[in-house]
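These notes concern the structure reproduced below.
Note that the numbering runs from 1 along the sequence shown for the chain. Owing to the predicted nature of the structure, the values given are computational and were not obtained by experimental measurement. In each ligand, atom 1 is the first atom listed, and ligand 1 is the first ligand listed.
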Amino acid sequence: MASSMLSLASTSPSSSLSLSDNWKVKTKIGGFGNAFVKTKSFGRTTMAVALNVSRFEGITMAPPDPILGVSEAFRADTNDLKLNLGVGAYRTEELQPYVLNVVKKAENLMLERGENKEYLPIEGLAAFNNVTAQLLFGADNPVIQQGKVATVQGLSGTGSLRLAAALIERYFPGAKVLISSPTWGNHKNIFNDARVPWSEYRYYDPKTVGLDFNGMIDDIKAAPEGSFILLHGCAHNPTGIDPTLEQWEKIADVIQEKNHIPFFDVAYQGFASGSLDEDAASVRLFAARGMELLVAQSYSKNLGLYAERIGAINVVCSSSDAAARVKSQLKRIARPMYSNPPVHGARIVANIVGDPALFKEWKDEMELMAGRIKGVRQKLFNSLSAKDKSGKDWSFILKQIGMFSFTGLNKSQSDNMTNKWHVYMTKDGRISLAGLSLAKCEYLADAIIDSYHNVS
Ligand code: PGU
C-alpha cells in the first residue's frame, strides 16, 4: 500500500514530493485549508506546492458502465415517454419494480423468528448452500449425493464468477477462458480484473439472427487443450439464443474431447422457460457425463433479489476429496476480499426453497413473470409485423428467449432510439423486454422501425 501510494505521488504531474515531504508541507502551514503556498523551503525540497491539487490527479474519469450507466442516463431524462430497456430487471405492467410476494412472506417469517445478525461462515449460510446446489443439479443428482460439489455462497452472480476467476488464475496459471461473442459485458471485466486471459468463440450469426453453431464448435475445438469454456446455462445474454439439447450434447462432446473445463453462468434459471428444471437441463447434461465443471448462480432475476447480492459458485469435482480442497481454497480467496457474505438474501432463498408451500408459490410467481415477458415479446412482434410495410421478417424476436431481445440494431440506430425516442438500451442493440409493458409495445415498434429503416 505504502509503495503504491508513493509511486502514485511520484507519477503525479502536480508534484514530485515524497509522501513524507508533502506531509511536512501540510503540517507546517496548518492543514489542508490554504489554497496555495508560495515558495517554501523545508530541508531537502524547495518548490511551489499547490495544496488543493489532489494526490489523485493522475486518475482519469472512467467511462460510464455500458449497462448500469444506461440507467443513470435514463434517470436524468425528463421526457414522459422515456422507457428504460437497458438493465435486465423485471418490471410490472405498470413498469414498477417488483418484490415477489413469496419474498415478502419469507422476510416476515424471518422477522417473526427474530433471527440474529451474526457473521456467516466464510462459505456462507449452510442451509442456502445446500438448497442452491439442489436447485441447480436436482436433489437426487449423484454429484450431490456423493458430496462432489464444492458450493460457496457468493455476492450474486458477479461475485461468484469473480471467485471462480480468482481460482482459475491461482490454480490454472495461463489457462484461457473462452467466452461467447457477444456476451454479457461484465464477463470481460471480470476476467480482466482477475488477470485471466480470455478469447472469444463465435456464437451469434447476424445473417440468420441465430446461433453460429458450427463456428462455436470449431472455435471450442481450436482452443488450447484444458481451456475453460464459459457457457450461458440458459437465456443467453444478450442474444436470447440458446443451443438445443442436441446441440448441447455436441458441445459437451467437443469439450470432453479437448479436456476443456465447462464453466456455466446461470443467471436466469426459471426465467427462460418458466421452469427451474428445464432451464438447468444444460448443466445437468454435462454433470451426467461425469465431467468436472464450474457453475455460477444468481438469484437477482428469478427471485428479484437484485440488491441482496445472493448467488453461489459451485465446482463439481470428480471426488468429494477434491471438492473439499477446492472449497477450502475458495474460502481462502473470499476471506481477504469481503470476509464473509451477507445473510439476508441467503435466508430468503433457504426459507423459500426449503419450504414446499413457499417453493410452489415461487414457481407460480416465476411463471407469471416469465409469462408477462413472453406476452410483451409476442405483442412487440405483432406490432412490428403490422406496422412495418417493408416485408422484413421480425420472427427472430419470437425465437429468442429470456429477458432480452437482440434487435440487430447497430450503435447509431441504438443512439437514435435513445436520442429521438427516449428508449434507453445498450449500444449492442439489446433491449430488456422485462422493462417493457403491453401498453408501450406500439410505441417501441415505431421507434425500432424508424431507427432500422431511417438510420444507417
Ligand atoms: N451473468 C449474466 C449472464 C447476467 O446477465 C448477469 C446480470 C449476471 C451474471 C450478474 O448478475 P448479478 O446481479 O450479479 O447476479 N446482467 C444484467 C444486470 C445488470 C448488470 O450488468 O449487472 C444485465 O442487464 O445484463
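For Val102 against Leu358, the heavy-atom pair with the smallest separation is CG2-O, 3.3 Å. Between Val177 and Leu230, the closest heavy-atom pair is CG1-CB, 4.2 Å.
Residue contacts with ligand 1, taken as heavy atom pairs separated by less than 4.0 Å, do not involve Tyr299 at all. When heavy-atom distances to ligand 1 are checked against a 4.0 Å cut-off, Arg430 comes that close only through its side chain, counted from C-beta outward. Under 4.0 angstrom from ligand 1, the non-hydrogen atoms of Asn237 all belong to its side chain. Residue contacts with ligand 1 for Ile67 involve side-chain atoms from C-beta outward but no N, CA, C or O (heavy atoms, distance under 4.0 Å).
What sits closest to atom 1 (N) of ligand 1 on the protein, heavy atoms only, is Asp265 OD2, 2.6 Å. Of the protein's heavy atoms, Val87 CG2, 3.7 Å lies nearest to atom 19 (C) of ligand 1. The protein atom (non-hydrogen) at minimum distance from atom 24 (O) of ligand 1 is Gly88 N, 2.7 Å. Nearest non-hydrogen protein atom to atom 7 (C) of ligand 1 is Lys301 NZ, 3.4 Å. From the protein, the heavy atom lying nearest to atom 8 (C) of ligand 1 is Trp184 CH2, 3.4 Å. Thr158 OG1, 2.6 Å is the protein heavy atom nearest to atom 14 (O) of ligand 1.
Of the listed residues (Asp415, Asp450, Asn454), just one forms a side chain to side chain donor-acceptor pair (under 3.5 Å) with Lys420, and that residue is Asp450.
For Lys105, the NZ atom counts as loosely surrounded, since its 6.0 Å shell holds 12 or fewer non-hydrogen atoms of other residues, nucleotides or ligands.
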May I have the step-by-step check of side chain to side chain contact (heavy atoms under 4.5 Å, CB included) for Ser71 and Asn84, ending in yes or no? CA-CA 7 Å; Ser71 296; Asn84 187 2; 3.5 Å; yes
Dump the intermediate steps for ring pair (Phe, Tyr, Trp, His ring centres under 6.0 Å) on Tyr90 and Tyr306, then the final yes or no. CA-CA 10 Å; Tyr90 184 82; Tyr306 309 93; 8.9 Å; no
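The shortest N or O to N or O distance between His187 and ligand 1 is not below 3.5 Å. Among the atoms of Gly157, some N or O lies under 3.5 angstrom from an N or O of ligand 1. Considering backbone and side-chain atoms together, Tyr268 places an N or O closer than 3.5 Å to an N or O of ligand 1.
Checked by atom type and distance alone, the side chain of Asp388 never pairs as donor or acceptor with a backbone atom of Leu384 at under 3.5 Å. With Gln329 contributing its side chain and Arg170 its backbone, the two residues share no donor-acceptor pair below 3.5 Å. Proximity of a side-chain donor or acceptor of Gln413 to a complementary backbone N or O of Asn410 within less than 3.5 Å is detected. Here the side chain of Asp279 pairs a donor or acceptor atom with the backbone of Ala272 at under 3.5 angstrom.
The contact set between ligand 1 and Ser156, taken as ligand atoms under 4.0 Å from a residue heavy atom, comprises 12 (P), 13 (O), 14 (O), 15 (O). Applying the 4.0 Å criterion to heavy atoms of Arg309 picks out, from ligand 1, the atoms 12 (P), 13 (O), 14 (O). Near Ser298, meaning under 4.0 Å from any of its heavy atoms, are these atoms of ligand 1: 12 (P), 15 (O).
Closest heavy-atom approach to atom 13 (O) of ligand 1 among the candidates Gly435, Ala267, Ser300: Ser300.
Using cut-offs of 30° and 60° for the angle between ring planes, the Tyr299 and Phe128 rings count as perpendicular.
Taking 4.0 Å as the cut-off, His236 does not count as a neighbour of ligand 1 on heavy-atom distance.
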